[in-house]
Every structure is written in structure tokens, then in C-alpha cells.
Amino acid sequence: MYISFKDKVAVVTGAGAGLGRSYAIFLASRGAKVVVNDLGGSWDGVGQSKTAAMRVVEEIQAAGGKAVPNFDSVADPEAAQNIIRAALDNFGTIDILVCNAGILRDKTFLKMSLNDFDLVMKVHLMGTVYTARAAFPVMKEKSYGRIVMTTSVAGLFGNFGQTNYSTAKMGIIGFMNSLKLEAQKYNILINTIAPSAATRLNEPSGFFPKEISPFLRSELVTAMVAYLCSDQCQSTGYILSAGGGYFSRVQIVEGQGIRFDPSDDITPEIIFENFSKITDMKNAVGHFSATDGIKKSLGFLFKRKPGRGEKEGSEK
Ligand code: NAI
């Protein structure tokens with residue numbers, strides 16, 4: 001089996017460097033027509049330049065592939081429309097959207113200006129929302145789409161000095177969780193990558209020890225992203241961790257919990273006595289949606305007849 005992107009049109013944001021560059025080059029090498037979007041600023045979001053996106057487009061074209069550059073910022077709703085419009089104007093449609101563009105403004109919370117918080121939220125979270133919003137109607141109309149969003153272990157698990165980035169990256173998970181439910185009936189599948197790669201973005205922080213950096217090639221993440229962009233991928237709502245040859249699925253799960261009779265008076269002392277049972281994660285399960293989760297956690301209430309003093313449908 002060979003995964004091909006022939007006749008597919010892809011938009012990769014932040015494709016002028018690092019991971020995005022690798023995604024764009026790979027998709028084009030397998031036949032996709034690619035919009036290489038990049039604002040061309042510094043790793044902390046200062047300035048802009050056409051050089052980064054142009055270079056990647058030239059590289060793709062030199063290898064016989066098809067690509068056009070776009071220099072708009074994902075952080076502005078109008079500009080994000082232009083990014084998707086570049087795909088429609090040049091290649092007639094959009095099949096694949098990889099929301100990858102990103103910057104960092106690391107500082108501990110009290111030292112971080114709210115401006116730095118806002119900007120990081122704008123680029124990562126709203127940049128993902130704006131581009132997805134622009135692409136969604138086209139994908140809906142044709143009943144086809146693959147969207148790959150980008151989160152981070154910083155958001156999934158926390159990282160010192162990155163409250164802004166972690167908030168944005170976890171916001172993307174919430175966005176995917178609900179959008180996937182609205183998108184599924186149109187055959188638009190949405191997954192999120194949590195990459196690990198040695199790029200200019202994490203170089204200043206020294207997040208990855210020097211001795212393992214040579215193994216953290218962007219191409220190792222690209223294999224997973226390309227799969228998630230393909231017809232062959234039928235999953236939606238997954239979070240995939242990829243980097244340095246390691247691949248895994250990350251999921252938000254809920255413990256089995258415990259159930260009391262809802263007509264009992266539950267005191268903080270009862271919570272205290274049962275806290276270890278309530279927080280036990282043995283046999284924890286994931287849910288595809290909130291409705292799914294509620295069915296599993298509160299399903300027992302449907303089977304219960306109202307007790308003395310309780311009216312059907314009332315709170316107690
Ligand atoms: P990078 O700095 O090499 O590439 C990011 C690209 O996005 C740059 O070329 C930059 O010019 C572009 N960009 C920034 N703001 C933009 C905007 N407003 N509009 C359009 N383009 C913009 O960084 P890297 O490492 O390739 O990061 C790619 C994505 O992966 C980011 O979302 C990052 O947060 C995420 N990520 C990376 C990890 C890593 O280990 N490298 C770890 C976890 C997440």
C-alpha cells in the first residue's frame with residue numbers, strides 16, 4: 001500500500017521552517033498541491049518576511065512538485081481567509097489543512113505581560129480556529145476534509161514558564177473535541193499532533209538535551225502527520241504524540257469513580273473518606289463526546305426511580 005496525495009490540495013501554515021516545512025515538502029513529494037504559508041517572523045513572533053515561504057516553494061518546485069507561497073498571518077481572521085483563498089484561487093479547492101504555525105513567548109506567569117499571553121493565544125489557538133473556519137465550508141460542500149491541528153506536551157501535561165502556550169495548546173484540544181462531532185458527518189476528520197522535533201522554536205529554551213537533538217528530525221513527525229492527512233486515515237479526534245521515532249496516542253480519560261445515592265446528603269467528610277477511591281485511575285476510560293461521558297458516569301441515574309420526597313425530573 002502506497003499513500004498518495006495525487007489530486008489533493010493542502011494548506012500548511014507556518015510551513016517556511018521546521019516541522020511545517022517538512023510536512024509541505026513531503027505532501028508535495030507525494031503529489032499534493034501545497035500552499036506554503038508563513039509569516040516569516042522570528043521564533044518569538046517579531047517581524048515578517050517572504051523569504052522562508054519562498055524558499056520552501058522553490059525547493060518543492062525544483063523537485064518537480066506544485067506549490068504556491070502565502071505570507072499572511074494565521075492570527076488575523078481576514079488574513080486567515082486569504083490563506084485558504086490562495087488554495088482556492090491557485091488549485092481550485094482545499095482537501096487538507098495542517099494548522100502548524102506557532103511562536104513562543106516564555107516567562108513565568110507573573111513576569112509574563114498579558115500582551116505575550118494574548119499574542120500566543122492568537123497565533124496558536126485563534127490561528128487554528130480562523131484557518132479551520134475558512135476551510136470548513138469548502139470541505140463541508142465537497143464532503144471531504146482532513147484537518148491536523150498541533151498541540152504540545154506543554155499543554156497536555158504542563159511546562160514551567162509556558163502558561164500562555166499551554167493554555168493555547170490545550171484550547172486546541174477542546175476545539176478539536178467539539179468540531180470533530182460537527183465535522184464527522186461531512187467526512188471531515190480532525191486529529192491533533194503533539195510533536196517533538198529539534199527546531200529553532202525550542203533551541204533557545206534548551207528543552208531537548210543536546211545529545212538527543214540529532215535524533216529529533218522533523219521527518220519522523222511528518223510520517224504521522226502525512227498519515228493523518230491521508231484517505232487511509234479514518235480516525236477522528238485523536239491526539240498523537242510523535243518524535244524521535246516514538247509514536248503514541250494521548251487521551252483524556254476518566255476514572256471509574258464511585259456512585260452514591262443522589263438522595264443521600266454528601267458531606268466533605270464523605271469526600272475525604274472516599275478521595276482515594278474517587279481519584280483511582282484503574283480501568284480509566286476515554287469518551288468520544290460529552291454525551292458519551294455523561295451516559296457512562298450518570299447512566300445509573302436513568303435506571304433509578306425517584307425516591308421518597310423526590311419528584312420525577314426535579315433536582316431533589
Ligand atoms: P518553527 O519556529 O521552526 O516553525 C514555525 C513556523 O510558523 C515559522 O516558520 C514561523 O514563521 C511560522 N509562523 C509563526 N507565526 C505565524 C503566523 N502568525 N502566521 C503564519 N506563520 C507563522 O517551529 P516548529 O518547532 O516547527 O513548530 C511547529 C508547530 O509545532 C508549532 O505550533 C509548535 O508550537 C508545535 N510544537 C513543536 C514542538 C517541537 O518539539 N518542535 C513541540 C510541541 C509543539
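Just so you know, ligand 1 is whichever comes first in the structure, and atom 1 is the first atom listed for that ligand.
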**Q** Any N/O of Gly16 closer than 3.5 Å to an N/O of ligand 1?
**A**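 For ligand 1, there is no N or O atom that lies under 3.5 Å from one belonging to Gly16.
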**Q** Got the closest protein heavy atom to atom 9 (O) of ligand 1, with its distance?
**A**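 Among all protein heavy atoms, the one nearest atom 9 (O) of ligand 1 is Asp38 OD2, 2.6 Å.
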**Q** What residue and heavy atom of the protein are closest to atom 22 (C) of ligand 1, and at what distance?
**A**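 That would be Ala101 CB, 3.5 Å.
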**Q** So which bit of Phe207 gets within less than 4.0 Å of ligand 1, heavy atoms only: side chain, backbone, both or neither?
**A**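 It is neither part, as no heavy atom is under 4.0 Å.
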**Q** Hey, does the side chain of Glu269 reach the backbone of Ile266 with a donor-acceptor pair shorter than 3.5 angstrom?
**A**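 Looks like no, no N/O pair under 3.5 Å.
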**Q** Of all the non-hydrogen atoms in the protein, which one sits nearest to atom 18 (N) of ligand 1, and at what distance?
**A**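 Here the nearest protein heavy atom works out to Ser73 OG, 3.0 Å.
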**Q** List every atom of ligand 1 that sits less than 4.0 Å from any heavy atom of Leu201, numbering the atoms from 1 in the order shown and giving each element.
**A**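 Those of ligand 1 that fall under 4.0 Å from Leu201 are 2 (O), 23 (O), 25 (O), 27 (O), 33 (C), 34 (O).
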**Q** Answer yes or no: is there a donor N or O on one side and an acceptor on the other, between the side chain of Ser205 and the main chain of Asn202, under 3.5 Å?
**A**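 Indeed, once roles are kept as given, a pair shorter than 3.5 Å links the two residues.
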**Q** List ligand 1 atoms under 4.0 Å from Asn37, heavy atoms only on the residue side.
**A**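 This gives 20 (C), 21 (N) as the contact atoms.
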**Q** Does Thr150 come within less than 4.0 Å of ligand 1, judged by its heavy atoms?
**A**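 Checking ligand 1 against Thr150, which is what was asked, there is a heavy-atom contact under 4.0 Å.
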**Q** With a 3.5 Å cut-off and no angle check, do the side chains of Gln162 and Asp106 form a donor-acceptor pair?
**A**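 Side-chain D/A pair, Gln162 to Asp106: present.
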**Q** Heavy-atom contact check, 4.0 Å cutoff: does Leu216 meet ligand 1?
**A**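 No.
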**Q** Below 4.0 angstrom from a heavy atom of Ala197, which ligand 1 atoms are there? Numbered from 1 as shown, please.
**A**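 So the answer, numbered in order with elements, is 39 (C), 40 (O), 41 (N).
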**Q** Between the side chain of Asn70 and the main-chain N/O of Val35, is any donor-acceptor distance below 3.5 Å?
**A**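 A pair under 3.5 Å: no.
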**Q** Starting from atom 8 (C) of ligand 1, find the nearest protein heavy-atom neighbour and note its residue, name and distance.
**A**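 In this structure, atom 8 (C) of ligand 1 has Arg200 NH2, 3.3 Å as its nearest protein heavy atom.
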**Q** Return the closest protein heavy atom for atom 14 (C) of ligand 1 as residue, atom name and distance.
**A**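 The closest one turns out to be Gly102 O, 3.4 Å.
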**Q** Atoms of ligand 1 less than 4.0 Å from Asp72 heavy atoms?
**A**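 Listed by number with element: 19 (N), 20 (C).
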**Q** Looking only at heavy atoms, is any part of Asn100 under 4.0 Å from ligand 1, and if so is it the side chain, the backbone, or both, or is it neither?
**A**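 Under 4.0 Å from ligand 1, Asn100 contributes backbone and side-chain atoms.
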**Q** Does at least one non-hydrogen atom of Gly40 fall below 4.0 angstrom from an atom of ligand 1?
**A**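 Under 4.0 Å: yes for Gly40.
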**Q** What residue and heavy atom of the protein are closest to atom 38 (C) of ligand 1, and at what distance?
**A**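 Its nearest protein heavy-atom neighbour is Pro195 O, 3.7 Å.
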**Q** If the cut-off is 4.0 Å to any non-hydrogen atom of Thr151, which atoms of ligand 1 fall inside it?
**A**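 Near Thr151, meaning under 4.0 Å from one of its heavy atoms, ligand 1 has 43 (C), 44 (C).
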**Q** At under 4.0 Å between heavy atoms, is it the side chain or the backbone of Asn202 that contacts ligand 1, or both, or neither?
**A**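 Under 4.0 Å from ligand 1, Asn202 contributes side-chain atoms alone.
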**Q** Any idea which heavy atoms bring Gly45 and Arg105 closest together, and the distance?
**A**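 What the structure gives for the nearest pair is O-NH2, 3.7 Å.
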**Q** Return the closest protein heavy atom for atom 24 (P) of ligand 1 as residue, atom name and distance.
**A**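 For this ligand atom, the closest protein heavy atom is Thr199 OG1, 3.6 Å.
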**Q** Does the residue Val153 have a heavy-atom contact with ligand 1, meaning some pair of atoms that are separated by less than 4.0 Å?
**A**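 Contact check Val153 vs ligand 1: negative.
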**Q** Take every heavy atom of Lys169, measure it against each atom of ligand 1, and state whether any distance is under 4.0 Å.
**A**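 So Lys169 counts as touching ligand 1.
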**Q** Has Thr13 got a side-chain atom pairing as donor or acceptor with Ala101's backbone, closer than 3.5 angstrom?
**A**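 It does hold such a pair.
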**Q** Closer than 4.0 Å to some heavy atom of Tyr165 - which atoms of ligand 1 meet that?
**A**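 Ligand 1 atoms under the 4.0 Å threshold to Tyr165: 33 (C), 34 (O), 35 (C), 36 (N), 43 (C), 44 (C).
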**Q** So which bit of His124 gets within less than 4.0 Å of ligand 1, heavy atoms only: side chain, backbone, both or neither?
**A**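 Under 4.0 Å from ligand 1, His124 contributes side-chain atoms alone.
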**Q** Got a donor-acceptor contact below 3.5 angstrom from the Gln61 side chain to the Ala67 backbone?
**A**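 Checked: pair present.
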**Q** Write down the atom of Ile188, the atom of Thr236, and the distance for their closest heavy-atom approach.
**A**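 Distance-wise, the nearest heavy atoms are O-OG1, 4.5 Å.
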**Q** Taking 4.0 Å as the limit for heavy-atom contacts, which would you say applies to Val74 with ligand 1: side chain only, backbone only, both, or neither?
**A**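 Looking at Val74 and ligand 1, atoms from backbone and side chain both fall under 4.0 Å.
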**Q** So which heavy atom on Met224 is nearest to which on Ala242, and how close?
**A**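 Closest pair (atom of Met224, atom of Ala242, distance): CB-CB, 4.2 Å.
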**Q** Quick one: is the NZ or CZ of Lys8 closer than 6.0 Å to the six-membered ring centre of Phe91, and within 45° of its axis?
**A**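 Not flagged: Lys8 not positioned over aromatic ring of Phe91.
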**Q** Which heavy atom of the protein is the closest neighbour of atom 6 (C) of ligand 1, given with residue, atom name and distance?
**A**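 Going atom by atom, the protein heavy atom closest to atom 6 (C) of ligand 1 ends up being Gly14 O, 3.5 Å.
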**Q** Between Asp76 and Ala79, is there a donor-acceptor pair closer than 3.5 Å when you use the side chain of the first and the backbone of the second?
**A**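 Present.
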**Q** I'd like to know if the side chain of Ser166 reaches the main chain of Thr163, judged simply by a donor and an acceptor atom lying under 3.5 Å from each other, with no hydrogens or angles considered.
**A**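 Side chain of Ser166 to backbone of Thr163: no pair is present.
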**Q** Tell me whether the guanidinium CZ or amine NZ of Lys142 lies under 6.0 angstrom from the six-membered ring centre of Tyr186 and within 45° of its axis.
**A**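 Judged by the rule, Lys142 and Tyr186 form no cation-pi pair.
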**Q** Would the distance check show the side chain of Asp44 and the main-chain N or O of Leu104 forming a donor-acceptor pair, the cut-off being under 3.5 Å?
**A**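 No, Asp44 side chain to Leu104 backbone: no donor-acceptor pair under 3.5 Å.
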**Q** Verify, without hydrogens or angle tests, whether Asp38 (side chain) and Gly16 (backbone) share a donor-acceptor contact under 3.5 angstrom.
**A**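 Yes: the side chain of Asp38 pairs with the backbone of Gly16.
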**Q** Quick check on contacts: which atoms of ligand 1 are under 4.0 angstrom from a heavy atom of Phe208?
**A**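 Answer, ordered by atom number: 40 (O).
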**Q** So between Ala53, Gly18, Ser196, whose heavy atom ends up nearest atom 3 (O) of ligand 1?
**A**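 It is Gly18 whose heavy atom sits nearest to atom 3 (O) of ligand 1.
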**Q** Between Ile103 and ligand 1, find which residue part has any heavy-atom pair under 4.0 Å and reply side chain, backbone, both or neither.
**A**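 The side chain, only.
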**Q** Is the backbone N or O of Val120 less than 3.5 Å from a side-chain atom of Asn164, with the two atoms forming a donor-acceptor pair by type?
**A**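 Here the side-chain-to-backbone pair does not exist.
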